2 protein chains.
Amino acid sequence: MRFGEKIKSLREQSGLFQREIAAELKIDTPMYSKIESGTRKAKRQHVLQLVKFFRLKEEELMSIWLADQIIDLLKEEKYGQSGLLIAGKDLYPSNNVWQ
Amino acid sequence: MRFGEKIKSLREQSGLFQREIAAELKIDTPMYSKIESGTRKAKRQHVLQLVKFFRLKEEELMSIWLADQIIDLLKEEKYGQSGLLIAGKDLYPSNNVWQ
DNA sequence: TATAATATTGTCAAAAACAGACAAGTCAAA
DNA sequence: TTTGACTTGTCTGTTTTTGACAATATTATA
């Protein structure tokens, strides 16, 4: 699940309108709409505000937000999978899933 | 190994000067120096030129170049590993390394 | 159906980030 | 101490991103 879908489902579960979340983030409704649809990227600060607002664990939203950016980076790339594994090995060598 | 180190080692193995690679890429030597040191990012086009120049398989250099960008994205991130795994699962679901 | 509220899309100017270019610096070898 | 290779710093023009607003579309409800 991409970041936009995630916050959309959180919002709908809470029975809130975009306007209310947008106000919380101090952005206008069109901007928030674009974040939900994935045509604009949320700022890190917005993610943290949403974590507090929806009372989530930071990792739950941050990891999806980061994944989103990686997906955007690799989605048209032929060698994305190799790149991902190399990055994983470099950053988190103690995890042996990267081979 | 990061992208800059990689092309530096390829260059040194070939016994060439930065000036020669820079000319090939049609950039000046300071710019190329910065790419080797990782303070500037190579363009995709540069990577492809280097693949031809050093007669490499495209995947060998492209995957490192992509990994570099992922590393820059995640290196200060607390939840980078989770993000990486989520992205992997989303992009390449048939590979089960992402759990 | 009419209308009101919600949500989406399009556009544009301002701001931020980035690339290219050059000058000036360091460093090592001769 | 001079030369050549490399690095660092800075400036400017370009590209990209952002925020704001207008306009349109969609949905809910009277």
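All values below were derived from every heavy atom in this structure, side-chain atoms included, with hydrogens, water molecules and symmetry-related copies excluded. Just so you know, these numbers come straight off a predicted model, no measurement behind them. Residue numbers start from 1 in every chain, and the chains themselves are labelled A, B, ... in the order their sequence lines are given, proteins ahead of strands.
- Distance alone, capped at 3.5 Å, places no donor-acceptor pair between the W98(A) side chain and the L91(A) backbone.
- Note: CD1 (I21(A)) to P (dT8(C)) measures 13 Å, nearest angstrom.
- Closest-nucleotide positions on DNA chain C for F17(A) and P30(B) were compared, and the one nearer the 5' end corresponds to F17(A).
- Contact annotation for K26(B): no contact, since no heavy-atom pair falls under 4.0 Å across all strands.
- Close to dG20(C), at under 4.0 Å from its OP1 or OP2, lies a side-chain N or O of K43(B).
- We find that NZ of K34(B) is positioned 12 Å from C1' of dG25(C), with the value rounded to whole Å.
- One can place CG of L16(A) at 18 Å from P of dA5(C), the figure rounded to the nearest angstrom.
- With a heavy-atom cut-off of 4.0 Å to chain B, the contacted part of DNA chain D has its first and last nucleotide at dA5(D) to dT10(D).
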- Task: Using the side chain to side chain donor-acceptor pair (under 3.5 Å) rule, take E24(A) and Q49(A) through it: C-alpha gap first, then chi angles, then the decisive distance, then the call.
- Result: CA-CA 8 Å; E24(A) 189 68 24; Q49(A) 286 174 286; 5.8 Å; no
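- M31(B) has its CE atom 9 Å from the C1' atom of dC18(C), to the nearest Å.
- Ion pairing between E20(B) and R11(B) fails under the 4.0 Å rule for side-chain N and carboxylate O.
- Formation of a donor-acceptor pair under 3.5 Å by the W65(A) side chain with backbone atoms of R2(A) is not found in this model.
- Rounding to whole angstrom units, CG of residue D28(A) and C1' of dA7(C) are separated by 12 Å.
- Spacing between atom OH of Y32(A) and atom P of dT9(C) amounts to 15 Å, rounded to whole angstrom units.
- A residue-by-residue look at E36(B) and R40(B) shows that E36(B) has its nearest nucleotide of DNA chain D further toward the 5' end.
- Between E59(A) and K78(B) there is no salt bridge, since no side-chain N of the basic residue sits under 4.0 Å from a carboxylate O of the acidic one.
- Atom NZ of K41(A) is separated from atom P of dA17(C) by 11 Å (rounded to the nearest Å).
- Note: I70(A) CD1 to L74(B) CG = 4.5 Å, rounded to the nearest 0.5 Å.
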- Task: Start with the C-alpha distance between K41(A) and Q69(A), add both sets of side-chain angles, then the distance that settles side chain to side chain donor-acceptor pair (under 3.5 Å), and finish with yes or no.
- Result: CA-CA 9 Å; K41(A) 207 183 89 179; Q69(A) 294 171 69; 3.2 Å; yes
